[in-house]
Amino acid sequence: MTSGDKLLGRLLGRQPLPADESRVPPQAVGLQLVLDPQGRVLTSSGPLRHGLAQLPPSAEPPHLLDYILPGSTLALEGRPADWSGQVLDLDLRGLGGKTLHLRGWLQPWGSQWLLHLLDIGDLIQQRQQALSREQCQIFAAQISEQIRLCNLTRLPDVLHDQLADLARYWHIPCLGLALLDEQEQSWVIHSCYSAHDSPRLWHDDQDLGTGLDSLSGNTPLHLNQIQGLNEHPRLQGIFGHREGFLVPYRDDHGVAAWLLCGCYAVQQHAPNLLDRDWLALTAALAGPLLSRLREQRHHLHLERLEALQGLLGTGWWELRADTAEVLLAKPLAASLQLPADSNRLSVQDWLELIHPADRAELNSRLQALKLGKPLLLCVRLHEADPSAATRWYRLQGQALGRGEQQRLVGFMLDISDIKNQQQQAAAAHARLDNLIASSPAVIYVQRYLEGALQPSFFSASLQPLLGWSLEDCNEGAVADWVHPEDRDLYFQRCRQLLREGNVHARYRLRDRQGNFHWVLDEARLLRNDLGLPVEAVGLWLDVTEATLAAEHVRQSEERYRILVEDSPAMICRYRPDLTLTFGNRPLAAYLECAAEDLPGSNLGQWLSAEQREGFERRLTLLSPEFPVSTAEINLQLPGREHAWWVWSDRGVFDEQGQLLEIQAVGRDNTEVRRSQQQLTQSAKMATLGEMATGLAHEINQPLNVMRMAIVNVLKRLNSGDIQVDYLTEKLHRIDAQVQRAARVVDHMRVFGRRSEVEQQPFNPAQAIEGTLSLLAEGMRGKGLELRISELGFEVQVLGFVDQLEQVLINLLVNARDALLGKQGQQKDFKPWIAVHGQRDEQWVRLWVEDNAGGIDPRLLERIFEPFFTTKPVGVGTGLGLSVSYGIVQNMGGRLSVSNGQDGARFCIELPIVQADQITR
Ligand code: ADP
């Protein structure tokens with residue numbers, strides 16, 4: 001019962017006051033009105049009278065109805081006499097448009113009526129508030145239930161509907177629910193509603209920034225209140241600078257949501273809703289919503305986790321201490337290839353899955369885990385098939401809780417890929433390290449620091465190579481190691497490296513012992529994304545040996561070059577097609593050109609076609625087994641006579657035995673050759689001289705015959721007995737003899753001539769014939785028998801017919817001399833000289849034999865020596881056989897002697913030139 005009711009009861013129980021028509025005793029509470037029987041207000045008293053509305057002044061006193069608000073006029077039907085005896089609830093017009101809720105009763109007051117009224121405004125308000133709260137609670141329950149029970153997919157729609165209902169019920173034009181985005185730490189409109197005729201202050205997912213952070217969040221806030229403080233300009237911005245109302249929601253993390261009512265005068269539209277009602281309403285909305293959102297997040301999280309575990313071949317495990325069982329996440333069980341639905345197994349079975357090599361350690365670590373030591377271990381699976389690839393798992397676990405409540409949880413992750421790669425990388429790394437360490441190269445890294453390069457790494461090979469280590473390498477040390485003569489080059493290398501990004505240099509570095517090493521430096525500058533230098537990576541290759549070797553080679557080459565250049569011999573290299581690739585100065589001098597012009601020119605241009613052919617033929621005979629060949633070649637040098645060179649070739653072959661190049665050394669043999677020719681010539685002349693007697697006989701013979709013929713003809717002429725026939729016959733005889741003499745003279749002329757330069761093919765029978773034409777008559781005249789056999793075959797030999805003739809003459813003359821000497825000593829000696837020949841496939845042999853008894857065996861070896869003669873001084877020259885020997889040798893043949901039965905047996909052996917060689 002309110003204080004108003006108590007007062008009313010007390011007043012109702014009292015006796016009516018003594019009648020004083022005009023005055024009402026002053027009362028401490030309420031309002032007392034004296035009414036006339038028509039209900040006009042005569043006087044008023046009591047504290048509430050000041051709250052009554054001022055009526056416009058009039059002559060008549062105002063009627064009570066003039067004060068009454070329309071809602072309660074029904075209670076005042078008729079006159080005051082009708083109203084007495086009942087409780088009157090009246091709403092009176094108050095000052096400033098306010099309503100005065102009053103309750104009272106009417107009592108007679110003399111001839112008038114006294115209306116006692118007491119204020120029941122607080123009663124009414126309480127009732128309305130209670131009603132509102134009830135409404136509010138129903139609403140809240142409904143909202144909460146809707147949000148809690150709806151399907152997650154419908155949550156946004158349901159929430160929106162609830163907001164709309166709320167807004168409509170309490171006439172909120174704009175209503176929004178702002179939640180804290182925990183990741184961004186900013187407030188976001190999660191959902192909002194605007195009445196169709198209201199401004200749209202917000203939209204869903206609108207980011208409000210941190211404007212709500214500064215509010216206390218304990219009680220609802222009226223924006224017009226805080227506006228006065230002007231502390232929240234950002235908040236005003238959120239509310240579009242209109243009136244607003246904000247209700248916080250706190251959970252155990254603090255303020256988690258704000259219900260924002262925009263364009264809303266809360267006092268006016270929901271005067272009976274107290275702050276706590278608003279808080280409850282907001283809590284009913286935000287609480288379940290947040291938990292649903294958390295649920296949603298959790299759900300998504302689980303889904304993600306599930307997918308992730310499946311993808312990674314990973315999953316959680318939990319070891320139950322009480323049952324000694326292990327629970328495995330489904331994806332993990334699948335990854336471990338356990339049968340379906342067997343994601344619960346004993347610890348023992350679980351350990352059985354692990355490779356024996358890792359099993360004991362895992363078991364021990366699990367025991368340690370129970371004592372709180374976190375578990376982290378990489379284990380292999382025990383594969384039934386030993387040839388299968390090793391599968392690695394990373395196993396991590398931690399203990400949650402203690403004692404009875406303790407749970408051991410963790411995860412297993414398939415890291416086979418990583419592990420295998422790691423092993424491969426480690427192996428590769430080890431190989432590389434080994435390579436780096438054992439290579440003669442030092443790998444270094446120099447850090448770029450304000451334009452300078454500071455060593456920051458050296459491979460281990462630095463120590464064995466130079467004896468230095470990175471610690472020895474304070475600033476500028478590397479430059480100190482560089483040989484003083486190479487320092488300029490080194491600094492230039494550093495500048496080039498920074499400028500161009502890479503460099504290649506060779507310089508000397510000092511080792512710890514003070515010895516210098518030639519190093520080849522290859523470096524590269526590495527830059528960052530911005531193109532700025534970060535470090536230089538490079539390597540030093542010790543090329544001391546190679547450099548020294550190269551230097552030796554260079555020096556040796558230089559020595560050989562000088563040797564070759566200064567050699568009096570001609571030295572050259574040429575290709576099989578006779579193109580010169582190198583020729584020294586002497587060769588160039590002979591060929592009358594500059595040594596530099598020799599490469600590229602062809603040796604063949606100085607050879608006659610035949611010489612060239614022979615030259616090339618000789619080259620074809622070179623082989624890797626017999627790479628050397630020596631010959632005397634004949635060249636036609638510019639503006640000079642024929643030159644004779646003794647020429648030695650050495651073939652250079654490739655692996656397939658193909659002739660690549662020929663290196664040749666030559667010596668000018670022209671002078672020797674010329675003196676040889678002269679010698680031959682002199683020998684020839686000597687032979688002629690020796691033959692002179694024979695020749696005189698040869699010529700005398702026809703002269704005698706002619707003289708006899710002429711004497712006889714003259715006799716006949718003188719006697720006048722001359723007949724034409726006789727004369728003719730004599731003249732013919734004379735002519736024959738003239739021809740005979742002419743032949744001898746002719747032949748002598750030919751014989752006396754110098755030989756041609758080029759050898760010619762000829763039939764050796766020709767030489768025999770020529771010899772006999774010169775000697776036969778003379779020999780026979782001396783009583784020597786010539787046993788000349790026809791050769792009986794046709795062959796060709798290469799050389800000069802006159803030279804072979806000279807040989808034969810020498811042999812015949814020697815035989816004659818020996819025979820004549822013998823003839824003098826021995827009576828009835830029948831001297832003879834035999835000449836005959838024979839051939840085989842390759843050789844033709846001509847024999848000259850006599851029966852003069854042969855040569856003293858002690859002299860046999862010496863008779864070919866020049867100037868060896870047994871003949872008296874002035875008779876023999878000792879040149880005949882020696883020159884003959886040279887001639888036969890020059891023709892590629894051999895002259896030999898032996899003693900036969902009757903005398904000396906000389907053999908001229910000559911190579912037969914095949915028909916195809918002649919035509920070529
Ligand atoms: P020469 O006839 O001027 O002495 P050769 O060189 O022709 O010079 O001969 C050298 C020597 O060989 C002769 O002096 C002679 O003693 C010996 N000789 C050569 N041919 C015969 C021969 N058929 N029988 C015996 N001795 C010979």
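We count ligands from 1, going down the list as the structure has it; atoms in each ligand are counted the same way.
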Is atom CD of E545 surrounded by more than 12 heavy atoms (other residues, nucleotides or ligands) closer than 6.0 Å? no
What about L881: any of its N or O atoms under 3.5 Å from an N or O on ligand 1?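 Right, the criterion is met.
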Please indicate whether any nitrogen or oxygen in D850 is less than 3.5 Å from any nitrogen or oxygen in ligand 1.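 Between D850 and ligand 1, an N or O pair is found under 3.5 Å apart.
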Below 4.0 Å, non-hydrogen atoms only: which portion of A818 touches ligand 1? Side chain, backbone, both or neither.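 Under 4.0 Å from ligand 1, A818 contributes side-chain atoms alone.
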Please confirm whether A852 approaches ligand 1 to less than 4.0 Å, judged on its heavy atoms.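 Checking ligand 1 against A852, which is what was asked, there is no heavy-atom contact under 4.0 Å.
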What are the atoms of ligand 1, with element, lying closer than 4.0 Å to any heavy atom of G854? 25 (C)
Is R617 salt-bridged to E613, cutoff N-O under 4.0 Å?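 Yes, R617 and E613 are salt-bridged.
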If you define the side chain from C-beta out and look only at heavy atoms, does anything of N602 sit under 4.5 Å from L580?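 When only atoms from C-beta onward are counted, L580 and N602 do not touch, as no gap falls below 4.5 Å.
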Please say which of E849, E790, R845 ends up in a side-chain hydrogen bond (donor to acceptor under 3.5 Å, both in side chains) with H836.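 Answer after filtering E849, E790, R845: E849.
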Sequence neighbours left out, cut at 3.5 Å: what donor-acceptor pairs do the side chains of residues 880-895 make with other protein atoms?
{"from": "S884", "atom 1": "OG", "to": "N810", "atom 2": "ND2", "distance (Å)": "2.8"}
{"from": "S884", "atom 1": "OG", "to": "G880", "atom 2": "O", "distance (Å)": "2.7"}
{"from": "R894", "atom 1": "NH2", "to": "E909", "atom 2": "OE1", "distance (Å)": "2.8"}

